[in-house]
Structure formats: structure tokens, C-alpha cells
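We count residues from 1, following the sequence as given. Order of listing sets the numbers, starting from 1, for every ligand and every atom in it.
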Amino acid sequence: MNVLITGGMGYIGSHTCVQMIAAGITPVIVDNLCNAKAEVLNRVEALTGVRPRFFVGDIRDEAFLDSVFAQTSVKAVVHFAGLKAVGESVSKPIEYYDNNVNGTLVLLRSMRKAGVKSLVFSSSATVYGDPQQVPITESSPTGATTNPYGRSKYMVEQCLTDLFAAEPDWSITLLRYFNPVGAHPSGSMGEDPQGIPNNLMPFIAQVAVGRRDKLAVFGDDYATPDGTGVRDYIHVMDLADGHIAALDKAGSEAGLHIFNLGTGKGSSVLDMVNAFSDACGQPVPYEICPRRPGDIAECWASTEKARQQLGWQATRSVAEMTRDTWRWQSQNPQGYQD
Ligand code: NAD
Ligand code: UD1
């Protein structure tokens, strides 16, 4: 089966391509390379022996997408393409809504013309805002988002919900990721943020490899066991496998399906620092700093629905997440080089 992967050159998309190929699915990639390097395709080929078809272009370009569908006979789309930096979304809301919301609408129009009505969408736990209780289930309240990035994800969820209500022959799966981290266990693929990383794990990895002096821990006065923020970190390989499980369902059943993709376990910032120190064999220097505006105390997933309905659950530990991140970062200290 051919599956179109928008944003397939990015962090989660590239790992998903590798796992798809292993599962006998043929990925077809569309990416405009605004946040990825062409070298990723070489790494996917080296790992799998397959060089996926790759169309360089923008999902907001409808004629381009139409021509991709005309050439590829894909049966489903996994839609990763979008912008994802929370801070940047506050200063560039037009770019974020255009890429994430408008880009999705253009994709949907092009899919409908091509008769492809099966979509898996990359949503985020950010749609839950500051949760009233943990673990978070799929029916927990959504919409109290705090920034344009989060609102763009929530808006797309609403667009897709309305589309399904109007055209119930679609199969639409919303996957709400918790905190994706880790890298391919080979060390040849991983997360390669441009500039100063916003997220915890790539920042720790860059401190450990000597690119940055120390980690700023954003607050140690939360109501959590050690005072630092608690999150549900999920290995990117588990996340990739979750997409394949979702595709099985999305490929076969019309409906609007919503799943959390997390591990169901919370780890604090200091838990992650300590696990990373163990993985790299040296202490990771850090200092306690004020809270980051907009951060929440704790967030982790209920994983029951995905386990029961997709037959999927995360299996990789925090030790594997940190070990694989360190292998990637130490083998590629400057990330992908084109
Ligand atoms: P990423 O930036 O590594 O990958 C996104 C890819 O999309 C990049 O390769 C980029 O070049 C491409 N892209 C962006 N805009 C495009 C456009 N208009 N046309 C074509 N290609 C375009 O990000 P990622 O971490 O792999 O995230 C993938 C998806 O998952 C995103 O939608 C993101 O919002 C969502 N998500 C990510 C996280 C996370 O922590 N990484 C958490 C929750 C949800
Ligand atoms: C952030 C985004 C969220 C997005 C997710 C995945 C915010 C407010 N939220 O989530 O919308 O879906 O990334 O991309 O940006 N931390 C530090 N020092 C750092 C970086 C982070 O102490 O340098 C702490 C944070 O305070 C938090 C934890 O580490 O407690 C995880 O942070 P991060 O990796 O940025 O993810 P989230 O804040 O959960």
C-alpha cells in the first residue's frame, strides 16, 4: 500500500517512514524542507534499503499536491507537515495558521479530488491545555489552548470533525502525541532542531555533547514530587509504530477516531536529567531558573483506548529514550549535514 507522508523528512515523519517500510507499507514523501535536511532520505535508505519517492513542495500548493496524487495512487495520508515551535507561533501567528490550518485545508481538497479519504493527523496533547486531572483521557476537555501553535492544532481537529460530520465516508484519525523524544537505535536518525532547542530532550543532548553550557530547569516549585514539571515522554520509535497501528484502522474503517499516544507514565525534568547522565556517563550541568510562562505542572496520558482499540502500546523505557538520543547526538554532534 502506498501512503503519502506529508512532512516525512522531519523528526517524527522520518522515523515513521522507516517503521512503515519494515511493515511492508510504501511511503511517498512530500516535504518543503523548511525544517528538514535532504540528507534524511539517505539515512532512511541506508537503514531500510529502500529510497522512498520524495516530492519537494509545499502542502499549500494545491496544483503540486494534485500532481503528486495523480502520479502515486496512494490509499491514505499521514499528515505531519506543519510548524511546531510554540514561542515562534506567538510572534508569527499568520505563518502558523497558514501552514497548519490552511495547509491542512488545501491537503483535504486535494485528497477529495483524488478520491483519497483516509487521513491520520498529527495532533498534540497541547489541545488539552492545563488538564484538570491526570491521566488525561481522550474525552478530557479540549480547547483551552494558550498559544497560536496549540490553537492551530485544535482548529484542525475541529475542521476534521466537521468534515467527518458532513462526509461520513472519510476515515479520520486524530493522534494526540504527548512528548516525543529519542532517536533511531542505530544513531543515524534523530531530532535535529535548528537554533536553540525549545524542548527539554534536545537541549539536554546539546549540553551533554558540549554545544551548550548548561540546562535551565524551568521551575522547581510545582506541586510535583521533586518540584519540576512532569511529562509523558514517548520514544519516537513507539510513536512511529502507533501510526502504523492507526493506519490499519484508518485504512479499513470510516469514522472519526481519536487516540492519545503516550506511555501513561510521568517523568520530571530532573528524572530526565538523571537518566541522560546515566546514558552519557557524565553529569549534565543544570541550574534552577524561574518557571517558563505557559508551562503546566504535569501531564500524562491514559493509554487504555489506544491499547484496546489499536492494539498498540509504548514499550520503550526512559533509559532507551536517553540512550538512543545520546547515540544519535554523539554520532552527529551538529545534526544532519547536507
Ligand atoms: P518537524 O518540523 O521535524 O517535521 C515537520 C516537517 O514538515 C518538516 O520536515 C518540515 O520541513 C515540513 N513542513 C512544514 N511545513 C510544510 C509545508 N507547508 N509543506 C510541506 N512540508 C512542510 O516536526 P516533528 O517533530 O516531526 O512533528 C511532526 C508533526 O507532529 C507536526 O505537525 C507537529 O506539530 C506534531 N507534533 C510534534 C510534537 C513534537 O514534540 N515533536 C508534539 C506534538 C505534535
Ligand atoms: C512543549 C509545548 C507543547 C508542544 C510540545 C511538543 C510549551 C509551553 N509547550 O511542551 O505545546 O506540543 O512542546 O513540541 O512550549 N524544560 C526545562 N528546560 C528547558 C526546556 C524544557 O526545564 O530548556 C521543562 C519544561 O518546563 C517542561 C519539560 O521540561 O516541564 C518539558 O518541556 P518541553 O520539552 O518544552 O515540552 P512541553 O512543555 O511539555
Side-chain angles (χ1 to χ4, degrees), residues 5-16 29-38 40 55-61 64-65 78-90 95-96 98-100 102-104 106-107 121-130 145-147 149-150 152-153 156 175-181 191-194 196-204 206-207 212 214-220 222 224 228-234 236 239-240 243 261 266-273 286-300:
I5 314 289
T6 75
M9 299 291 278
Y11 171 47
I12 304 169
S14 57
H15 290 78
T16 303
I29 299 174
V30 161
D31 198 301
N32 67 359
L33 295 177
C34 72
N35 195 35
K37 301 266 172 61
V40 168
F55 295 85
V56 186
D58 197 298
I59 56 161
R60 292 165 295 179
D61 179 345
F64 161 71
L65 284 183
V78 182
H79 178 33
F80 295 103
L83 303 179
K84 64 165 183 175
V86 171
E88 186 184 61
S89 78
V90 175
E95 284 79 356
Y96 271 70
D98 188 38
N99 253 283
N100 295 2
N102 180 39
T104 302
V106 174
L107 172 67
F121 172 63
S122 298
S123 190
S124 167
T126 193
V127 300
Y128 296 116
D130 192 352
T145 49
T146 56
N147 55 73
Y149 166 73
S152 76
K153 289 289 169 191
V156 171
L175 297 181
R176 295 176 178 156
Y177 311 157
F178 280 66
N179 288 62
V181 297
E191 187 172 11
D192 182 21
Q194 306 304 301
I196 301 172
N198 301 302
N199 296 119
L200 178 66
M201 189 69 132
F203 202 106
I204 293 178
Q206 291 193 7
V207 171
R212 312 207 173 264
K214 60 184 167 201
L215 171 75
V217 174
F218 296 143
D220 68 349
Y222 287 104
T224 60
T228 66
V230 169
R231 298 289 184 275
D232 185 341
Y233 296 94
I234 174 167
V236 69
L239 196 64
H243 289 76
L261 294 188
S267 302
S268 74
V269 176
L270 294 181
D271 289 337
M272 298 309 281
V273 168
Y286 67 86
E287 82 179 317
I288 305 296
C289 295
R291 292 181 179 193
R292 180 171 66 179
D295 271 357
I296 57 178
E298 57 182 2
C299 167
W300 69 89

Enquirer: What residue and heavy atom of the protein are closest to atom 22 (C) of ligand 1, and at what distance?
Expert: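 The answer is Asn32 OD1, 3.1 Å.
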Enquirer: How far does CG of Leu33 sit from CG of Asp58, to the nearest 0.5 angstrom?
Expert: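 Separation between the atoms: 11.0 Å.
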Enquirer: Give me the ring orientation class for Tyr96 and Tyr149: parallel if the planes are under 30° apart, tilted from 30 to 60°, perpendicular past 60°.
Expert: perpendicular
Enquirer: Answer yes or no: is there a donor N or O on one side and an acceptor on the other, between the side chain of Asp98 and the main chain of Glu95, under 3.5 Å?
Expert: no
Enquirer: With atoms numbered from 1 as shown, which atoms in ligand 1 lie under 4.0 angstrom from a non-hydrogen atom of Asn99?
Expert: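 Within the 4.0 Å cut-off of Asn99, ligand 1 contributes 15 (N), 16 (C), 17 (C), 18 (N).
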Enquirer: Can you tell which part of Thr126 has a heavy atom less than 4.0 Å from ligand 1: side chain, backbone, both or neither?
Expert: neither
Enquirer: What atoms of ligand 1 come within less than 4.0 Å of a heavy atom belonging to Cys34?
Expert: 10 (C), 11 (O), 13 (N), 14 (C), 15 (N)
Enquirer: Taking both backbone and side-chain atoms of Ala81, is any N or O found less than 3.5 Å from an N or O belonging to ligand 1?
Expert: no
Enquirer: To the nearest 0.5 Å, how far apart are OH in Tyr222 and CD1 in Ile296?
Expert: 9.0 Å
Enquirer: Under 3.5 Å, side chain of Ser122 to main-chain N/O of His79, donor-acceptor pair present?
Expert: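 Side chain of Ser122 to backbone of His79: a pair is present.
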Enquirer: Nearest 0.5 Å, what's the CZ-CG distance between Phe55 and Asp61?
Expert: 13.0 Å
Enquirer: With heavy-atom distances below 4.0 Å as the criterion, list the atoms of ligand 2 near Ser124.
Expert: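 Near Ser124, the atoms of ligand 2 are 12 (O).
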Enquirer: How about Ile59 and Val106: do any of their side-chain heavy atoms sit closer than 4.5 Å?
Expert: no
Enquirer: If you take the nearest heavy atom of each of Glu298, Lys153, Arg231, Arg292, which one is closest to atom 32 (O) of ligand 2?
Expert: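 Heavy atom nearest to atom 32 (O) of ligand 2 belongs to Arg292.
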Enquirer: So which bit of Leu215 gets within less than 4.0 Å of ligand 2, heavy atoms only: side chain, backbone, both or neither?
Expert: side chain
Enquirer: For atom 34 (O) of ligand 2, which of the options Thr126, Val207, Leu200 provides the nearest non-hydrogen atom?
Expert: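 When every heavy atom of Thr126, Val207, Leu200 is considered, Leu200 comes closest to atom 34 (O) of ligand 2.
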Enquirer: Hey, does Tyr233 sit under 4.0 Å from ligand 2 if you only count heavy atoms?
Expert: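 Within the 4.0 Å threshold, so yes.
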Enquirer: Kindly identify the option in Gly103, Gly82, Pro180 whose heavy atom sits closest to atom 42 (C) of ligand 1.
Expert: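 Nearest option to atom 42 (C) of ligand 1, by heavy atoms: Pro180.
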Enquirer: Atom CG of Asn99 and atom CG of Asn32: how far apart are they, to the nearest 0.5 Å?
Expert: 7.0 Å
Enquirer: Should Asp58 be counted as touching ligand 1, given the test is an N or O pair under 3.5 Å?
Expert: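 It does: an N or O of Asp58 is found under 3.5 Å from an N or O of ligand 1.
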Enquirer: Under 4.0 Å from a heavy atom of Val217: give me the atoms of ligand 2 that qualify, with their elements.
Expert: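 Near Val217, meaning under 4.0 Å from one of its heavy atoms, ligand 2 has 22 (O).
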Enquirer: Do ligand 1 and Ile12 have nitrogen or oxygen atoms that lie under 3.5 Å from each other?
Expert: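 By distance alone, the answer is yes.
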Enquirer: Test your reading of the model: is there a side-chain donor-acceptor pair from Asp232 to the backbone of Phe178, 3.5 Å cut-off?
Expert: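 No; zero donor-acceptor contacts below 3.5 Å.
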Enquirer: Below 4.0 angstrom from a heavy atom of Leu33, which ligand 1 atoms are there? Numbered from 1 as shown, please.
Expert: 11 (O)
Enquirer: Could you find the nearest protein heavy atom to atom 33 (C) of ligand 1 and give me its residue, atom name and distance?
Expert: Tyr149 OH, 3.7 Å
Enquirer: Run the contact test for Ala216 against ligand 2 with a 4.0 Å cut-off on heavy atoms, strictly below, and give the result.
Expert: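 It does, in that a heavy atom of Ala216 comes within the 4.0 Å cut-off of ligand 2.
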Enquirer: Any N/O of Ser123 closer than 3.5 Å to an N/O of ligand 1?
Expert: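 Not met; the criterion fails.
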Enquirer: Please could you name the atoms of ligand 2 that Val86 approaches to less than 4.0 Å, counting only its heavy atoms?
Expert: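 Listed by number with element, the hits are 2 (C), 3 (C), 7 (C), 9 (N), 11 (O), 15 (O).
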Enquirer: May I ask you to list the atoms of ligand 1 that are less than 4.0 angstrom from any heavy atom of Gly57?
Expert: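 Taking each heavy atom of Gly57 in turn, ligand 1 has 19 (N), 20 (C) under 4.0 Å.
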Enquirer: Is there a donor-acceptor pair closer than 3.5 Å between any side-chain N or O of Asn100 and the backbone N or O of Lys153?
Expert: no
Enquirer: Passes side chain to side chain contact (heavy atoms under 4.5 Å, CB included), Thr126 versus Lys84? Steps please.
Expert: CA-CA 11 Å; Thr126 193; Lys84 64 165 183 175; over 6 Å; no
Enquirer: Are any side-chain N or O atoms of Gln206 and backbone N or O atoms of Ile204, one a donor and one an acceptor, separated by less than 3.5 Å?
Expert: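 Judged by distance alone, no pair lies under 3.5 Å.
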Enquirer: Side chains of His15 and Glu191: closer than 4.5 Å at any heavy-atom pair?
Expert: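 His15 does not reach Glu191 side chain to side chain.
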Enquirer: Hey, is ligand 1 close enough to Phe80 that some N/O pair sits below 3.5 Å?
Expert: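 Among all N and O atoms of Phe80, at least one is under 3.5 Å from an N or O of ligand 1.
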Enquirer: Do me a favour and list the nearest non-hydrogen protein atom to atom 11 (O) of ligand 1 with residue, atom name and distance?
Expert: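 The closest heavy atom on the protein side is Asp31 OD1, 2.7 Å.
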Enquirer: Should one rank Phe218, Phe203, Tyr11 by closest heavy-atom distance to atom 20 (C) of ligand 2, which comes out on top?
Expert: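 Among Phe218, Phe203, Tyr11, the closest heavy atom to atom 20 (C) of ligand 2 belongs to Phe218.
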Enquirer: Report the nearest protein non-hydrogen atom to atom 10 (O) of ligand 2: residue, atom name, distance rounded to 0.1 Å.
Expert: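 Scanning the protein heavy atoms, the shortest distance from atom 10 (O) of ligand 2 goes to Asn179 ND2, 4.2 Å.
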Enquirer: Any idea which atoms of ligand 1 are less than 4.0 Å away from a heavy-atom of Ser122?
Expert: 29 (C), 30 (O), 32 (O), 35 (C)
Enquirer: Can any side-chain N or O of Thr6 pair as donor or acceptor with the backbone N or O of Phe80 at less than 3.5 Å?
Expert: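 Yes, Thr6 side chain to Phe80 backbone: donor-acceptor pair under 3.5 Å.
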Enquirer: Show which atoms of ligand 1 fall inside a sub-4.0 Å distance from at least one heavy-atom site of Ala36.
Expert: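 By the 4.0 Å cutoff, the relevant atoms are 9 (O), 11 (O).
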Enquirer: Does any N or O atom in Val30 lie less than 3.5 angstrom from one in ligand 1, N or O only?
Expert: no
Enquirer: Check whether any side-chain heavy atom of Ser152 lies under 4.5 Å from a side-chain heavy atom of Thr104, and answer yes or no.
Expert: no
Enquirer: Residue-level breakdown please: for Lys153 versus ligand 1, do any non-hydrogen atoms fall below 4.0 Å on the side chain, on the backbone, on both, or on neither?
Expert: side chain
Enquirer: Could you check which of Val269, Asp295, Thr228 puts a non-hydrogen atom nearest to atom 29 (O) of ligand 2?
Expert: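 Selected option, by shortest heavy-atom distance: Val269.
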Enquirer: Which ligand 1 atoms, with their elements, are less than 4.0 angstrom from a heavy-atom of Ser124?
Expert: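 Numbered from 1, ligand 1 contributes 43 (C), 44 (C).
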Enquirer: Is the closest side-chain heavy-atom distance between Met272 and Tyr233 below 4.5 Å?
Expert: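 Answer yes - side chains close enough.
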Enquirer: Which part of Arg60 is near ligand 1, with near meaning a heavy atom under 4.0 Å away: side chain, backbone, both or neither?
Expert: side chain
Enquirer: Would you mind finding which of Asn198, Thr224, Asn199 brings a heavy atom closest to atom 5 (C) of ligand 2?
Expert: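 Comparing heavy atoms across Asn198, Thr224, Asn199, the nearest one to atom 5 (C) of ligand 2 lies in Asn199.
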